[in-house]
Amino acid sequence: MFKYKLLASGLLVLFLFSGCKRDSVTEFKVEVPVVLQELLKDEDTDNDDKITKDDQGDRIFIFKDIEGEEHAVESTYHLANLLQELAIAKQEGKDTALLMNSRILEKPSHRISRNIKENYWDDLTRTVDEKGLARILEDSKSSDTIVRRLYVPATDTLAQKYFKGIEGNFQNFKVVTLPERITPEYVKSINTQPGILALKLKEGMGVPFVVPGGRFNEMYGWDSYFEGVGLLIDGRVDLAKAMVENFCYQIKYYGKILNANRSYYLTRTQPPFLTSFIREVYEADPERNKEWLAFAMDMAFKEYETVWMEKGVRLTDNGLNRYRAGGIGIPPETEAGHFDEILKTFTERYNEKHKDFEKQALTVAEFTRAYQAGEIVDRDLDTYFLHDRSLRESGHDTSWRLDGICASLNTVGLNSLLYKYEKDFEYLIATYFDGAYDHGNYQYTAADWLRKAEARKTRMNSLMWNEERGGFYDYNLETGRMTDFDAATNYFPLWAGLATEEQAGRMVSLLEETLKEHCGVAATSRASVLKYATNDVQRQWDYPNGWAPHQMVVWRGFLNYGFEVEATELAYRWLWMITRNAVDYNGTIPEKYDVVDCTHKVYAEYGNVGTDFSYITTSGFGWMNASYQLGLTLLDHTLTVELDQLKDPDLIFKSK
């Protein structure tokens with residue numbers, strides 16, 4: 001007999017049984033290889049090891065259990081769930097498996113959230129130790145195709161002893177001790193000998209961390225904070241705390257929180273979120289170990305003082321900050337051909353300038369080799385790559401907002417984050433250290449940090465607040481004027497609590513006018529990209545793309561000022577896009593989305609990480625997972641039901 005079940009989501013599932021007494025079946029045992037092969041043959045018509053809306057099958061799959069009774073599943077989503085459950089059984093080495101209807105019929109939001117909590121965080125967890133290196137060293141970024149390397153700090157003798165002791169356990173593996181003083185010249189000299197950087201060891205084991213996913217097997221800077229937000233929601237205080245400890249290790253031994261723990265990132269940091277991470281982890285931790293808090297704060301003070309407040313580097317004359325990454329020459333991590341156009345332009349300039357002295361013009365390859373070797377000195381090209389490295393240090397690689405100018409901008413985002421540092425220091429000292437904290441030979445008071453924060457707020461209001469527009473904008477040090485580029489980072493003051501109530505109201509209106517799209521907040525506005533783009537290259541941190549950290553910062557920023565309705569709407573729009581794409585595309589959760597067309601099919605530089613897998617995604621993508629868990633906390637029961645029904649946000653919110 002046939003049995004149809006209409007879910008609340010409007011998705012129709014069909015079960016076909018050979019006997020009436022099986023109508024109430026909730027589980028059935030199948031031969032995994034047989035059913036998996038038949039399912040793929042029947043429904044995976046494009047042979048990509050997934051079942052998606054792009055396949056041309058009839059979306060009805062009939063199969064037999066080991067007792068010979070027939071079952072059938074209908075709809076792309078439920079067929080994909082069946083594929084995933086079979087894939088899990090296959091990964092576990094099972095020839096037969098007991099499949100549960102509850103898993104195949106699982107509501108989309110519950111399935112995504114459950115997988116994030118129960119599976120994805122663990123799959124994304126790495127350690128830099130003997131056990132963890134077996135996986136990390138498979139990454140091509142750890143080697144020059146012949147030798148795989150691990151770099152260890154000069155002053156961490158414990159790590160040197162440990163890793164030298166296991167060096168012989170891996171083929172073509174070399175442990176290298178870094179010099180005590182790491183210069184840009186040294187970092188450039190090892191760009192052809194890339195490797196991973198050691199992180200913290202505790203009791204002979206690597207302290208764990210979460211990686212973004214896809215091709216990324218290292219601990220990334222600001223990714224880690226947002227992943228930590230998701231971990232805390234899911235009760236993984238242990239893992240979030242471990243990541244803070246790895247950040248502290250980086251500050252202690254490498255002098256900064258690194259872009260990521262790769263050798264070519266040694267001169268580059270990332271957006272500063274450490275104090276927020278420390279505060280949120282400490283207050284979620286039932287242990288509340290004050291010694292741990294004090295050590296973490298000492299490292300955060302060190303980072304603030306030595307990384308961000310060095311005059312002439314990341315601290316500018318006006319008292320505000322900028323990104324200014326160290327390094328020499330071409331950033332080595334970029335894909336082949338990334339700088340072809342810019343290098344062609346500079347080659348042509350060089351050849352024109354030297355046409356009366358050179359017998360033959362240089363090719364782009366010859367010019368590039370000579371520039372990298374220091375045989376050709378071009379200060380303008382040096383400046384271009386200074387801006388490019390700084391853009392990458394900002395975490396926004398790349399965007400027309402920062403292209404060719406980043407190191408000359410006091411950005412709203414960075415200065416909001418440092419204001420948050422200052423306010424966090426004030427709060428932590430006042431709350432847990434009776435208003436005074438001894439750091440080295442100096443005693444900080446909560447009042448000291450309040451004064452610093454207020455001074456920064458005054459400067460930002462003076463140089464970055466556009467009264468006519470009703471928003472904050474980056475300040476250009478070269479022109480002495482604020483820019484007019486609309487970007488999600490302009491709303492970091494709401495997250496940091498820097499804006500006044502009046503400013504917040506105007507900023508919410510401005511965001512809804514310039515950045516709010518069908519499926520969330522765009523990284524930058526369409527109008528700004530059209531105005532400033534100098535070619536047709538689609539930059540991944542620009543319109544029409546949306547990114548998880550921007551959504552999370554904006555939601556929490558709106559909530560800080562009482563804009564719960566607006567925050568909830570933005571969260572629903574974002575979650576609807578993630579859920580719909582997961583339903584249509586075999587559970588895919590990628591690095592970023594196009595928030596205008598509401599799709600993971602993003603055609604921009606670097607593609608879209610997290611979309612390449614067979615049968616089942618085992619990890620999603622780090623901060624995207626976190627945004628889903630955070631977004632769900634903002635939805636009430638009614639909106640969660642509508643999310644599972646895949647109800648278009650315009651049908652919900654425009655009617656309101």
Side-chain angles (χ1 to χ4, degrees), residues 271 318-321 396 399 401-402 409-420 422-423 453-476 479-532 541-544 546-547 549-574 595-596 634 649 653-654 656:
N318 61 21
L320 295 176
N321 292 82
H396 292 78
S399 165
R401 176 174 68 93
L402 303 171
L409 293 177
N410 295 132
T411 64
V412 175
L414 174 57
N415 283 280
S416 299
L417 296 178
L418 291 173
Y419 173 84
K420 182 67 160 51
E422 292 151 358
K423 291 294 289 183
E454 290 300 312
R456 185 181 298 275
K457 182 196 291 187
T458 298
R459 295 186 193 103
M460 290 181 67
N461 276 307
S462 173
L463 299 178
M464 296 177 165
W465 175 255
N466 186 320
E467 179 63 25
E468 182 180 350
R469 292 280 287 158
F472 286 93
Y473 289 86
D474 298 338
Y475 181 78
N476 188 321
T479 65
R481 300 173 62 184
M482 73 180 76
T483 72
D484 62 352
F485 209 116
D486 287 298
T489 51
N490 293 357
Y491 297 86
F492 279 33
L494 297 177
W495 177 83
L498 182 150
T500 65
E501 297 290 336
E502 181 184 358
Q503 286 175 329
R506 296 187 67 190
M507 291 171 72
V508 169
S509 297
L510 182 61
L511 181 143
E512 293 189 336
E513 173 192 336
T514 58
L515 298 178
K516 177 181 169 184
E517 299 295 342
H518 190 183
C519 289
V521 178
T524 59
S525 72
R526 180 174 184 271
S528 292
V529 171
L530 288 174
K531 182 175 181 179
Y532 289 102
W541 283 92
D542 279 329
Y543 175 94
W547 291 76
H550 291 163
Q551 316 305 314
M552 297 167 76
V553 165
V554 168
W555 301 342
R556 285 188 159 177
F558 278 26
L559 292 172
N560 283 344
Y561 290 87
F563 292 95
E564 290 91 353
V565 172
E566 292 82 357
T568 298
E569 176 182 342
L570 291 175
Y572 182 90
R573 289 180 178 278
W574 181 254
V595 293
V596 177
L634 304 186
F653 298 105
K654 286 193 174 179
K656 297 180 180 179

Inset, instruction - Mind checking the OG-CG spacing from S399 to D542? Nearest 0.5 Å is all I need. - result: 3.5 Å

Legend entry - Atom pair CE (M460) and CG (N415), whose distance is rounded to the nearest 0.5 Å: 5.0 Å

Inset, instruction - Over all heavy atoms of both residues, which pair between A488 and V521 is shortest? Give the atoms and the distance, please. - result: CB-CG1, 4.2 Å

Legend entry - L417 CG to N321 CG distance, which is reported to the nearest 0.5 Å: 10.5 Å

Inset, instruction - Would you confirm whether T524, through its side chain, and Y543, through its main-chain N or O, come within 3.5 Å as a donor-acceptor pair? - result: yes

Legend entry - Those residues that, when tested against F485, pass ring-ring contact (aromatic ring centres under 6.0 Å, His included) (two or more places apart): Y532

Inset, instruction - Looking only at non-hydrogen atoms, find the nearest pair between A499 and A504 and report the distance. - result: CB-N, 4.3 Å

Legend entry - Partner residues of Y572 under the ring-ring contact (aromatic ring centres under 6.0 Å, His included) criterion, sequence neighbours left out: F653

Inset, instruction - Determine which pairs satisfy salt bridge (charged side-chain N to carboxylate O under 4.0 Å, His left out) with at least one residue from residues 453-467, sequence neighbours left out, and list them in order. - result: E422-R456, E454-K457, E467-R506

Legend entry - Close side-chain approach of P493 to V412, heavy-atom, < 4.5 Å: yes

Inset, instruction - Give, for atom CE of M507 and atom CZ of F563, the distance between the pair rounded to the nearest 0.5 Å. - result: 10.5 Å

Legend entry - Heavy-atom pair of closest approach, residues L634 and A571: CD1-CB, 3.8 Å

Legend entry - Derivation and outcome, side chain to side chain contact (heavy atoms under 4.5 Å, CB included), residues V554 and L511: CA-CA 10 Å; V554 168; L511 181 143; 4.0 Å; yes

Legend entry - With sequence neighbours excluded, residues passing side chain to side chain contact (heavy atoms under 4.5 Å, CB included) with S462: none

Legend entry - Donor-acceptor contact present, side-chain Q551 to main-chain L570, <3.5 Å: no

Inset, instruction - Report yes if the side chains of V508 and F558 come closer than 4.5 Å at any heavy-atom pair, otherwise no. - result: yes

Inset, instruction - List for me each residue that meets side-chain hydrogen bond (donor to acceptor under 3.5 Å, both in side chains) alongside N410, sequence neighbours excluded, and say none if there are none. - result: T316, N318

Inset, instruction - State, yes or no, whether a side-chain contact exists between E517 and P544 at a heavy-atom distance under 4.5 Å. - result: no

Inset, instruction - Can you sort out the partners of V565 under side chain to side chain contact (heavy atoms under 4.5 Å, CB included), two or more places apart, ordered by chain and number? - result: none

Inset, instruction - Could you pull out all residues at least two apart from R469 that satisfy side chain to side chain contact (heavy atoms under 4.5 Å, CB included)? - result: N466, Y473, D486, L510, E513, T514

Legend entry - With V553 via side chain to side chain contact (heavy atoms under 4.5 Å, CB included) - residues at least two apart: F226, F492, W495

Legend entry - Validation row: D484, K531 side chains within 4.5 angstrom (heavy atoms): yes

Legend entry - Geometric class of the W541/W547 ring pair [parallel <30°, tilted 30-60°, perpendicular >60°]: parallel

Legend entry - Heavy-atom side-chain proximity of L320 to L463 below 4.5 angstrom: yes

Legend entry - Reported OG1-to-CG distance for the pair T489 and L414, which is rounded to 0.5 angstrom: 10.5 Å

Inset, instruction - Determine, step by step, whether N476 and L409 satisfy the side chain to side chain contact (heavy atoms under 4.5 Å, CB included) criterion, reporting the C-alpha distance in whole Å, the side-chain angles of both residues, the deciding distance to 0.1 Å, and the verdict. - result: CA-CA 5 Å; N476 188 321; L409 293 177; 4.0 Å; yes

Inset, instruction - For residues 560-574, pull every pair meeting salt bridge (charged side-chain N to carboxylate O under 4.0 Å, His left out), keeping only residues two or more places apart or in separate chains. - result: K516-E569, E569-R573, R573-D650

Inset, instruction - Output all residues satisfying salt bridge (Lys or Arg N to Asp or Glu O under 4.0 Å) with R556, sequence neighbours left out; order by chain, then residue number. - result: E280

Inset, instruction - Just jot down the salt bridge (Lys or Arg N to Asp or Glu O under 4.0 Å) partners of D474, sequence neighbours excluded, or say none. - result: R401

Inset, instruction - Find the distance between OG1 (T411) and CE (M464) and round it off to the nearest 0.5 Å. - result: 6.5 Å

Legend entry - Residues Q503, F472; criterion side chain to side chain contact (heavy atoms under 4.5 Å, CB included); working and verdict: CA-CA 9 Å; Q503 286 175 329; F472 286 93; 3.9 Å; yes

